Amino acid sequence: MLRDLDEKGTIKLPKPLFAHRKKWEPRRLGHPVDEPDNVPESVEKIEDLQLIVVESGDSNLMRIHNELICAPNIHWETNGSSDASFDI
């Protein structure tokens, strides 16, 4: 936002100390996430579902999260409600 105001001439910011040479990309695993084991055919049959909060300090979980989000072989689908499904 400050850079936008600088570009418009509204304010004057100092030049950045470091030049960004390449586009930022998330840190990934470098390999696909392992296929899940023993996943029921239907969501109703899942007995022990756990959600894990992925915090920026946990490098391994963050890389797994990024791999799942960025992987080209995962297709997220939504049906217009809060329900979502994905195909691997």
Side-chain angles (χ1 to χ4, degrees):
M1 181 168 187
L2 290 176
R3 290 282 171 210
D4 293 337
L5 292 173
D6 182 53
E7 289 174 10
K8 292 177 184 176
T10 307
I11 62 172
K12 181 69 178 156
L13 293 174
K15 297 287 182 196
L17 295 176
F18 303 99
H20 298 284
R21 295 187 178 152
K22 65 178 187 174
K23 181 182 164 193
W24 177 86
E25 292 186 27
R27 292 182 182 168
R28 295 176 60 176
L29 285 175
H31 58 81
V33 175
D34 293 338
E35 293 286 331
D37 294 333
N38 302 319
V39 177
E41 294 281 328
S42 160
V43 70
E44 291 84 12
K45 295 180 181 179
I46 296 175
E47 294 180 10
D48 184 28
L49 179 64
Q50 297 178 10
L51 299 178
I52 300 171
V53 176
V54 178
E55 298 185 24
S56 59
D58 191 331
S59 179
N60 190 48
L61 285 179
M62 185 61 71
R63 287 174 188 252
I64 292 170
H65 167 268
N66 291 344
E67 192 65 37
L68 289 170
I69 297 300
C70 297
N73 60 334
I74 296 179
H75 307 284
W76 298 92
E77 297 177 9
T78 61
N79 60 7
S81 71
S82 60
D83 299 331
S85 64
F86 63 94
D87 298 323
I88 297 178

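What you see is a predicted model; the values in this text were computed from it and never measured.
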*For the residue pair Glu67 and Leu29, what are the closest heavy atoms and their distance?*
OE1-N, 3.3 Å
_Closest non-hydrogen atom pair between Leu61 and Ile52, with its separation_ = CD1-CG2, 4.0 Å
*Straight-line distance of Asp6 CG to Ile11 CD1, nearest 0.5 Å*: 6.0 Å
Can you give the donor-acceptor pairs under 3.5 Å from side chains of residues 43-50 to other protein atoms, not counting sequence neighbours?
| unit_1 | atom_1 | unit_2 | atom_2 | d |
| --- | --- | --- | --- | --- |
| Glu44 | OE1 | Ser42 | OG | 2.2 |
| Asp48 | OD2 | Gln50 | NE2 | 3.4 |

*Other than Leu51, which residues form its hydrophobic cluster under the rule that side-chain heavy atoms must be closer than 4.5 Å?*
none
*Neighbour count >12 (heavy atoms, 6.0 Å) for atom CG, Asp34*: no
*asked:* Tell me if the CZ atom of Arg27 is crowded by more than 12 foreign heavy atoms within 6.0 Å.
replied: no
_Under a 3.5 Å distance rule, please check whether Asn66 uses its side chain to pair with a backbone N or O of Arg28 as donor and acceptor._
no
*Side-chain heavy atoms of His65 within contact of Leu68, under 4.5 Å*: no
